[in-house]
Amino acid sequence: MPDLSASSTKQRTPTVIRLLVLATFTVILNETIMINAIPRLMTDLHVTERSAQWVSTAFMLTMAAVIPVTGWFLQRVSTRRAYSLAMGVFLLGTAVAAIAPSFAVLLIGRVVQAGGTAVMMPLLMTTLMTVVPEHDRGRVMGNVTLAISVAPAMGPVISGLVLQIGSWRWLFALVLPIAAAVTWFGLRRLENVGEPQAGSIDWFSVAFAALGFGGLVYGLSKFGAGSALTPALIVAGGVALVAIFVFRQVYLQRNGSPLMDLRILLSGTYAKALVLMALAFLAMMGSMILLPLYLQNLRGLSPLQTGLLVMPGGLAMGLLGPTVGRLFDRFGGRVLVIPGAIGITAALVGFTQLSLTTPYPVLVALHILLMVSLAAAFTPVFTLGLGALPMHLYSHGSSMLGTLQQVAAAFGTALVVTVMTSRATHLTDGGANPLDAHLSGMRLAFAISAALALIVIVMAVLLPNRSESPEPVEDSPEALDASGVALVKD
């Protein structure tokens, strides 16, 4: 096989991708930017801590409910229309949140914000896979890692800095002009990619997707806040509705136009990439929850100090993205994904050894190892997974990836919080020191995350080095209609 690295490094990233990456970074930043603002909201808007947490929970819920629709939506509208609608909705939500006179209005603003954000990531991924040649996708996907990984990592840091000098409203007031400028510049330069397709929408599927995935994420987010019975029932209801959604899509693949084309799961490479990505994202979100709790509750650091301490890992992850992409283009995925999976597991094992006197440089080093390892895994996994699909399924593949990210984030959060609090409560009831009990709970949560990371290593070994051409998922028996004709068109 010829070495394409030289040619790929000389190529420029298409303008449409640059614009979409900038816009995606701007909107994803807001998913985590309110984490440090909870105490201020409690004081200014007179709400409890549990209520204030909804500024983040509502954002995540809306993402989970809307993203499943984006696969269908992106096939039906032009690139410019999808971009203008997503950024317009985001700007509206940001403006509402900035001037919100009450907590209820602030929540509405966050929900509207999330509605725009939910469209941007699938739009970026779908457009990338359509316009970038296969031999250059790794490099360009590496740049996309900046938006995927650095934005969530930078959210708490930026909010910590802003809250040191101003009100929580400035978190939205500062984003608003930046997002407006990005939108204006994007609409001036953005060109349409591909041709929209005609097709009706199945509103039953929309309802099942929104209630199913939204209920699943909501139920998972409630674990650790009291009795586990109610969250478990909500999760069970969400799973049941997701199951109905799946059966509905299988029916529509034969008799109509599915909201999310599940033939993507017939691709072995895509399915393995999906599992690996979900577990890796679970590990990342678990660490994003546990480390701030450890640093603030057990070590007494301020939110700003905590943000600054974890910032090097987030920056390393994003800045290494382009390098990882070029290595992928040249050597393939296995040389990156397998060491990355091992590094993820090693970092999580290292966190199981935390103590109340662990040196801060050790914490920073472990966090950097985790983030660099995630960077080594994410870029090849995204590229291999979507590259294994035919072009007409790119938008559905991107939508599934985005949906699973939100579910994995909620599951990761629920898992570590539930394990940590259960262990800490058990030890405290037995007479243990509360600080020691809390620390023991955190260690156990990291240990379970490390055990799940072993599955990431298995998936990494099973992934191919390259996806030379899309796998013929539409030729599988499950994708054939009664006459034996492959369903390759909507």
Side-chain angles (χ1 to χ4, degrees), residues 60-77 82 86 114-115 117-127 129-130 194 196-217 238-275 277-278 281 382 385-410 470-471 473-474 476 478-481 486-490:
M60 187 168 60
L61 275 176
T62 306
M63 292 273 284
V66 173
I67 288 178
V69 185
T70 59
W72 176 90
F73 174 72
L74 293 177
Q75 288 188 332
R76 300 309 187 272
V77 300
T117 303
V119 177
M120 285 306 302
M121 180 55 70
L123 174 62
L124 169 58
M125 302 291 280
T126 302
T127 305
M129 296 301 295
T130 303
Q197 304 171 18
S200 59
I201 189 169
D202 179 62
W203 290 106
F204 287 108
S205 294
V206 173
F208 289 136
L211 294 174
F213 289 108
L216 187 58
V217 169
V239 170
L241 289 171
V242 169
I244 296 173
F245 171 77
V246 169
F247 284 116
R248 181 74 178 170
Q249 302 320 294
V250 172
Y251 170 80
L252 290 175
Q253 281 165 200
R254 295 176 169 85
N255 303 281
S257 178
L259 187 69
M260 182 182 286
D261 198 322
L262 299 181
R263 285 172 292 184
I264 54 179
L265 298 178
L266 298 177
S267 164
T269 298
Y270 178 83
K272 293 168 190 170
L274 202 64
V275 172
M277 182 280 300
F281 205 77
F382 277 126
L386 291 177
L389 300 176
M391 185 177 293
H392 71 283
L393 293 180
Y394 284 161
S395 62
H396 292 279
S398 300
S399 176
M400 176 67 83
L401 279 168
T403 301
L404 207 61
Q405 275 189 350
Q406 298 305 312
V407 174
E471 298 174 11
V473 297
E474 66 273 21
S476 301
E478 295 88 342
L480 300 179
D481 66 8
L487 300 175
V488 297
K489 295 182 179 179
D490 294 302

- Heavy-atom pair of closest approach, residues Asp261 and His396: N-ND1, 2.9 Å
- Under a 4.5 Å cut-off applied to non-hydrogen side-chain atoms, are Leu386 and Leu401 in contact? yes
- Message: Walk me through whether Leu123 and Thr70 qualify under side-chain contact (heavy atoms from CB on, under 4.5 Å).
- Response: CA-CA 8 Å; Leu123 174 62; Thr70 59; over 6 Å; no
- Message: If you define the side chain from C-beta out and look only at heavy atoms, does anything of Leu265 sit under 4.5 Å from Leu274?
- Response: yes
- Task: Could you pull out the closest heavy-atom pair between Gly212 and Val242, with the gap in Å?
- Result: C-CG2, 3.6 Å
- Query: Looking only at heavy atoms, which two atoms of Thr126 and Ser395 are closest? And how far apart?
  - Reply: OG1-CA, 3.2 Å
- Does Tyr270 use its side chain to pair, donor to acceptor, with the backbone of Gly397 at less than 3.5 Å? yes
- Less than 4.5 Å apart, any side-chain heavy atom of Met260 and any of Thr403? yes
- Heavy-atom closest pair, residues Ser205 and Leu252: OG-CD1, 3.6 Å
- What's the shortest heavy-atom distance between Ser399 and Ile67, and which atoms? OG-O, 2.7 Å
- Could you grab the distance from atom CG of Leu216 to atom CG of Leu61, nearest 0.5 Å is fine? 10.0 Å
- Task: Heavy atoms only: give me the nearest Gln249-Leu259 pair and the separation to one decimal.
- Result: OE1-N, 2.7 Å
- Message: Would Thr117 and Thr62 count as a side-chain contact (heavy atoms from CB on, under 4.5 Å) here? Give the steps.
- Response: CA-CA 9 Å; Thr117 303; Thr62 306; over 6 Å; no
